[in-house]
Amino acid sequence: MKKYSKIDGEIKLYLRSIHHNPIGDMIGKCQPTDWRSPTVIDSYNFILEKLVLDANNSRVDYLDTTFITKPVWDTAYDWCHLPLKVSSVEALYIAYVLLVN
């Protein structure tokens, strides 16, 4: 597999999965005033992955971190940002993917 660098002018682009957010006042009320419901996030992630697959371009990859974040999507203390333990694991995984690819 080819390694990309600025020297050869090729850059690898990663589209990363979107995080789920806890269902708070804005997401859970009728009519929602926030679009980040779990169903909508799943749909956007599906679209991102499909765009990458349909592009069939070796310079674009989909970076899926939902296996890390989705099981704990409702643990955000501020109803938005994941706890540091989760963010740290996700950051380590992203660093691994970037270094290996």
Side-chain angles (χ1 to χ4, degrees):
M1 180 172 285
K2 183 176 182 201
K3 299 288 183 183
Y4 294 93
S5 67
K6 287 185 176 181
I7 295 171
D8 62 17
E10 294 185 27
I11 297 172
K12 185 104 176 185
L13 175 67
Y14 290 90
L15 299 181
R16 187 176 64 90
S17 57
I18 301 170
H19 291 162
H20 291 77
N21 280 50
I23 300 174
D25 295 350
M26 296 187 322
I27 295 172
K29 73 179 184 180
C30 191
Q31 294 281 29
T33 55
D34 190 321
W35 61 272
R36 296 172 297 174
S37 71
T39 305
V40 173
I41 297 295
D42 286 339
S43 298
Y44 273 110
N45 285 335
F46 174 81
I47 291 167
L48 285 172
E49 186 173 18
K50 187 165 176 20
L51 283 171
V52 170
L53 292 173
D54 288 351
N56 196 23
N57 185 331
S58 64
R59 292 176 53 194
V60 180
D61 269 337
Y62 177 64
L63 183 54
D64 187 2
T65 61
T66 56
F67 72 97
I68 297 168
T69 60
K70 196 171 182 180
V72 293
W73 66 277
D74 60 349
T75 61
Y77 300 112
D78 63 356
W79 295 92
C80 190
H81 301 95
L82 291 169
L84 183 58
K85 288 182 182 179
V86 180
S87 297
S88 298
V89 170
E90 183 184 36
L92 287 171
Y93 174 73
I94 292 170
Y96 167 78
V97 169
L98 295 177
L99 292 172
V100 170
N101 288 332

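Every residue meeting the side chain to side chain donor-acceptor pair (under 3.5 Å) condition with Asp64, not counting sequence neighbours, appears here in chain and number order: Thr66. Annotation: ring-ring contact (aromatic ring centres under 6.0 Å, His included) contacts of Phe67 (sequence neighbours excluded): Tyr93. Residues that satisfy the side-chain contact (heavy atoms from CB on, under 4.5 Å) test with Asn57, not counting sequence neighbours, are Ala55, Arg59, Val60. In this view, Val40 and Trp35, Ser37, Tyr44 satisfy the side-chain contact (heavy atoms from CB on, under 4.5 Å) rule, not counting sequence neighbours. Applying the side chain to side chain donor-acceptor pair (under 3.5 Å) test to Thr65 and every residue at least two apart in sequence or in another chain returns Ser17, Glu90. Asn56 is linked by a side-chain contact (heavy atoms from CB on, under 4.5 Å) to nothing, counting only residues two or more places apart in sequence or in another chain.
Both Leu63 and Val86 sit in one connected hydrophobic cluster of ILVMFWY residues. Membership requires side-chain heavy atoms under 4.5 Å apart, directly or through other members. Hydrophobic clustering (ILVMFWY, side-chain heavy atoms < 4.5 Å, transitive): Ile68 and Tyr77 are in distinct clusters. Note on Ile41: it does not cluster hydrophobically with Ile23, by side-chain heavy-atom contacts below 4.5 Å among ILVMFWY residues. Residue Tyr96 is grouped with residue Leu98 when hydrophobic side chains (ILVMFWY) are merged at heavy-atom distances under 4.5 angstrom, including chains of intermediate members. Hydrophobic clustering (side-chain heavy atoms under 4.5 Å, transitive across Ile, Leu, Val, Met, Phe, Trp, Tyr) keeps Leu92 apart from Leu99.
For the atom pair NZ (Lys85) and OG1 (Thr75), the distance works out to 11.0 Å, reported to the nearest 0.5 Å. For the atom pair Tyr62 OH and Leu13 CG, the distance stands at 13.5 Å (nearest 0.5 Å). Between atom NE2 of residue His19 and atom SG of residue Cys80 there is a gap of 10.5 Å, rounded to the nearest 0.5 Å. If you take CZ on Arg16 and CD1 on Ile94, they are separated by 5.0 Å, rounding to the nearest 0.5 Å.
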Would Leu15 and Asp61 count as a side-chain contact (heavy atoms from CB on, under 4.5 Å) here? Give the steps. CA-CA 6 Å; Leu15 299 181; Asp61 269 337; over 6 Å; no
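Under the 3.5 Å distance criterion, with hydrogens and angles disregarded, a donor-acceptor pair is assigned to the side chains of Asp42 and His20.
Screening Asp54, Leu53, Ile47 against Lys50 for a side-chain contact (heavy atoms from CB on, under 4.5 Å) leaves a single residue, Asp54.
Atom CZ of Phe46 is surrounded by 12 or fewer heavy atoms from other residues, nucleotides or ligands within 6.0 Å.
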